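Please read the structure below before turning to the comments.
Note that the structure is predicted; figures quoted are calculated from it, not measured. Throughout, protein chains are lettered first and strands after them, A, B, ... in sequence-line order, and every chain is numbered starting at 1.
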Amino acid sequence: MPELPEVETVARILREGAPNGTLPLVGRTIRSAKVLWPREVASPTPHAFARRIAGSRVQSVGRYGKYLLIGLRGAGDGADALSLLVHLRMSGRLEVVSRSEAFTPHARLVWLLDDDLALRFEDARKFGRVWLVDDPAEVIGKLGPDAIDIKYEEFVSRLRTRFGALKPLLLDQTFIAGIGNIYADEALHLARLHPLRTADSLSEDEAVRLYAAIRQVLLEGIAANGASFDWVYPGGKFQENFKVYGRTGQRCPTCDSPIRRIIVTQRSTHFCPVCQPPAG
DNA sequence: GGGCATGTTAGCAC
DNA sequence: TGTGCTAACATGCC
């Protein structure tokens with residue numbers, strides 16, 4: 001499921017709960033951690049991870065790029081601040097559930113909470129990762145600015161140091177953090193830029209369009225609670241607004257031309273050949 | 001069975 | 001150093 005808008009939606013639900021009765025995670029005490037698939041614990045060792053997190057209390061839930069940042073206060077006096085970071089990768093889901101619902105077939109980690117609740121990390125494809133660190137920068141320190149927070153001046157100054165194609169650039173989390181394959185394609189279409197245009201070829205006007213398009217598609221995605229269109233993740237509505245992603249051969253909503261699909265750096269890339277002409 | 005999948009990383013070449 | 005290509009991670013759906 002997870003690009004910036006989907007991760008933001010998960011963070012909001014963990015912070016505030018959800019209308020369907022899902023309770024907030026903030027304020028809960030983590031009694032213990034059950035590691036069902038140790039390879040998803042990136043740091044420290046799974047044993048140390050479980051030992052160190054036990055007894056801590058959830059202070060905050062945030063997001064940076066595609067990472068969930070869960071702020072903890074450790075157990076005991078002189079309690080140290082800890083950060084639990086979760087990356088959902090391709091198929092991760094993180095939800096507060098009742099303890100009786102926690103141990104599903106795809107549950108990879110389960111944190112047992114107070115009041116017979118649990119925080120469940122399901123991940124069919126096992127690509128997800130969790131970290132327990134003193135300082136989030138140990139994990140996210142090399143990421144670029146968050147794609148929602150970045151200001152235009154910084155976006156352009158970073159853009160002007162790059163020379164490669166726009167599609168892989170938008171997916172480069174050290175350039176800008178949070179954009180994935182869907183929102184990259186949607187942003188490039190909205191900006192009327194071909195995915196293989198190079199960063200150094202953009203005019204000032206085109207750079208403005210790209211910046212504005214990124215903001216718009218991400219904010220619309222957040223407003224729609226993200227996108228969901230397969231077996232992985234129910235909930236969001238943004239898939240109903242896709243203009244190009246997954247619409248190969250269908251009509252461009254702007255100009256009625258058939259949407260084309262190409263492969264760029266191993267990723268499916270959808271664009272309108274009329275609205276997004278190649279450089280030339 | 002083959003092709004596809006919202007992500008990231010390592011190794012390699014230029 | 002920047003860029004981009006390939007393979008790998010592991011599983012499930014169509």
Report yes or no: is the ring centroid of F127(A) under 5.5 Å from the six-membered base ring centroid of dC9(C), with the two planes under 30 degrees?
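The ring of F127(A) is stacked on dC9(C).
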Closest-nucleotide 5' rank along DNA chain B - winner of I263(A) and Q266(A):
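Result: I263(A).
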Closest nucleotide of DNA chain C for V264(A) versus for W37(A): which of these residues is on the 5' side?
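Here V264(A) is the residue nearer the 5' end.
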Starting the side chain at C-beta, find the nucleotide from [options] nearest to [X].
X: Y245(A); options: dG12(C), dA5(B), dT8(B); result: dA5(B)
X: H106(A); options: dG7(B), dG12(C), dG4(C); result: dG12(C)
X: R89(A); options: dT3(C), dG4(C), dG7(B); result: dG7(B)
X: A165(A); options: dG4(C), dG7(B), dG12(C); result: dG4(C)
X: F163(A); options: dT3(C), dA10(C), dG12(C); result: dT3(C)
X: R261(A); options: dT3(C), dG7(B), dC4(B); result: dC4(B)
X: K126(A); options: dT11(C), dA5(B), dG4(C); result: dT11(C)

Whole Å only: how far is the [atom1] atom of [X] from the [atom2] atom of [N]?
X: M90(A); N: dA8(C); atom1: CE; atom2: C1'; value: 13 Å
X: E122(A); N: dG12(C); atom1: CD; atom2: C1'; value: 14 Å
X: R108(A); N: dC9(C); atom1: CZ; atom2: C1'; value: 13 Å
X: L196(A); N: dG4(C); atom1: CG; atom2: P; value: 9 Å
X: R125(A); N: dT8(B); atom1: CZ; atom2: C1'; value: 12 Å
X: E6(A); N: dG7(B); atom1: CD; atom2: P; value: 9 Å
X: R247(A); N: dC4(B); atom1: CZ; atom2: C1'; value: 19 Å
X: R197(A); N: dT3(C); atom1: CZ; atom2: P; value: 16 Å

Could you let me know what dT9(B) is paired to, Watson-Crick or G-U wobble, both distances under 3.5 Å, or none if it's on its own?
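Result: dA7(C).
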N-O pairing of D185(A) and K167(A) below 4.0 Å:
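A salt bridge is present here (some side-chain N lies under 4.0 Å from a carboxylate O).
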Lys/Arg N to Asp/Glu carboxylate O, D134(A) vs R52(A), below 4.0 Å:
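A salt bridge is present here (some side-chain N lies under 4.0 Å from a carboxylate O).
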CD1 on I176(A) to CG on L143(A), rounded to 0.5 Å:
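If we round to the nearest 0.5 Å, L143(A):CG and I176(A):CD1 are 11.5 Å apart.
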Look at all strands and tell whether Y183(A) reaches a base, only sugar-phosphate, or nothing, counting heavy atoms closer than 4.0 Å.
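It contacts nothing in the nucleic acid.
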Touch check for R129(A), heavy atoms < 4.0 angstrom, all strands: base, sugar-phosphate only, or nothing?
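If one applies the 4.0 Å heavy-atom cut-off, R129(A) turns out to touch nothing in the nucleic acid.
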Parallel, tilted or perpendicular: ring planes of Y152(A) versus Y211(A), cut at 30 and 60 degrees:
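Perpendicular: the ring planes of Y152(A) and Y211(A) meet at over 60°.
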Within the pair [X] and [N], is there a side-chain N or O less than 4.0 Å away from OP1 or OP2?
X: R162(A); N: dT3(C); value: yes
X: Q173(A); N: dT8(B); value: yes
X: R267(A); N: dG7(B); value: yes
X: S268(A); N: dA5(B); value: yes

Which heavy-atom pair separates R31(A) from A54(A) by the least distance, and what is that distance?
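Looking at all heavy atoms of both residues, the shortest contact is O-CB, 3.5 Å.
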Using side chain to side chain contact (heavy atoms under 4.5 Å, CB included) as the criterion, point out the one residue from V130(A), I70(A), L82(A), L84(A) that pairs with I53(A).
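Considering V130(A), I70(A), L82(A), L84(A), a side chain to side chain contact (heavy atoms under 4.5 Å, CB included) with I53(A) is found only for L84(A).
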